[in-house]
Structures are given as structure tokens and as C-alpha cells.
Amino acid sequence: MAVRMKFKRPRRQLPVMPRGGLRRSPSEHEPEVLSGLVKGWKASKGEERAAIALSRNSNVADFVFRMTIGERNMPGFKELDFLITSKVGMYYAVEVDSAFTHRDKGTSDILHDTLMLQALKHLNIYPQVIHWDIDKDLPDIKTAAQTVKQLVG
């Protein structure tokens, strides 16, 4: 007759977790969390990335988003995407161009920029209008930060 022996399996111990749980570093492949708003205004992904980069840049004192010249939604009104003020007092007028806005408009863009510069001249601000391409200059937050750094330092 065979003798059966019983073996007790050792309990599996769970690894000791550090206080506060596991932390992991963010991955580049994680989706961006964007709200679609900048300072209460609807914004494209590129505009929002630019705003995030501007707010994080230590050389930017402030920026105005969607600065309107004329009465909004009335004939002849114009809108500037960003008016940026650096900490050293420099002003930058920036338009964010995408496939649907600004790009390849040629003379209408020149007219728009001229009207914006004339309006800013009345405020004693003399910048030139800089155009950022949404696909080239603002495709992700890291590139947007580099774009802002090239502009304001």
C-alpha cells in the first residue's frame, strides 16, 4: 500500500508596495489631455498647446488669446490668435495657421496682418506678425515649448 503524503503549499506573498503605491513615469505614447479651451475661448489643439507652452515659459509675462480688433462678429472685425508680452517688454503678434485657417490665403493674410499691425500701432505696440504652423511648430507640447522658446527665449 502506498503512503500518500500531504504537502502544504507555501503561501504566495505579495510584494511589498512602497508607501503611496507604484509610480510610473509618463509615456510619450499617452494621449494628450486637452480641454479645447484657452482662457475661456474655444481653441484648436495647436492653439491650446501654444497656450500651455506660453504659460510654462518663464520669459513670458502674459499673453492675450483671441485679441479682437473691431466689434466681434460684425463686418470688418479681425482677430489675432496671440499677443504675447515678454518679461523684457517685447510684444509678439502670433497667428496659428492650419489647413483650414490662414494657410495659403495669400493676399487676405497680408491684409489681415496689416490691419492687425495698424490696430496695435494705436496701442503703441510695434510687433511683426509671426505665423506658427499647427503641424510643423505645434504638433505636440514638447515641440510647442521649443517653438515658444525660439521666439521669447
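One-based numbering along the sequence shown. From a predicted model like this one, the values you see are computed outputs, not experimental measurements.
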- request: May I ask you to check whether over 12 heavy atoms, not counting those of K149, lie within 6.0 Å of atom NZ?
  value: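 It does not: K149 NZ has 12 such atoms or fewer within range.
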
message: Tell me if the CE atom of M90 is crowded by more than 12 foreign heavy atoms within 6.0 Å.
response: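 Check fails, neighbour count at 12 or below.
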
Write down the atom of [X], the atom of [Y], and the distance for their closest heavy-atom approach.
{"X": "W41", "Y": "R72", "value": "CH2-NE, 3.4 Å"}
{"X": "A144", "Y": "A50", "value": "CB-N, 4.4 Å"}
{"X": "A53", "Y": "I141", "value": "N-CD1, 4.0 Å"}
{"X": "H131", "Y": "D97", "value": "ND1-OD2, 3.0 Å"}

Checking the side chain of [X] only, and the main-chain atoms of [Y] only, is there a donor and an acceptor separated by less than 3.5 Å?
{"X": "K39", "Y": "R66", "result": "no"}
{"X": "H112", "Y": "L80", "result": "no"}
{"X": "E48", "Y": "G36", "result": "yes"}
{"X": "D113", "Y": "V129", "result": "no"}
{"X": "D137", "Y": "T147", "result": "no"}

How far does [atom1] of [X] sit from [atom2] of [Y], to the nearest 0.5 angstrom?
{"X": "L111", "Y": "K78", "atom1": "CG", "atom2": "NZ", "value": "5.5 Å"}
{"X": "M74", "Y": "T68", "atom1": "CE", "atom2": "OG1", "value": "13.5 Å"}
{"X": "L151", "Y": "I84", "atom1": "CG", "atom2": "CD1", "value": "5.5 Å"}
{"X": "L138", "Y": "D133", "atom1": "CG", "atom2": "CG", "value": "8.0 Å"}
{"X": "L115", "Y": "L120", "atom1": "CG", "atom2": "CG", "value": "11.0 Å"}
{"X": "Y92", "Y": "L54", "atom1": "OH", "atom2": "CG", "value": "11.5 Å"}

[X], [Y]: one ILVMFWY side-chain cluster at the under-4.5 Å cut-off?
{"X": "V60", "Y": "L83", "answer": "no"}
{"X": "Y91", "Y": "M67", "answer": "yes"}
{"X": "L123", "Y": "Y126", "answer": "no"}
{"X": "I125", "Y": "I69", "answer": "yes"}

field: Test: K42 and E47 ion pair at under 4.0 Å
entry: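 E47 and K42: not salt-bridged.
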
Below 4.5 Å, heavy atoms only, C-beta onward: do [X] and [Y] meet side chain to side chain?
{"X": "W132", "Y": "V148", "result": "yes"}
{"X": "F63", "Y": "V38", "result": "yes"}
{"X": "V94", "Y": "D81", "result": "no"}

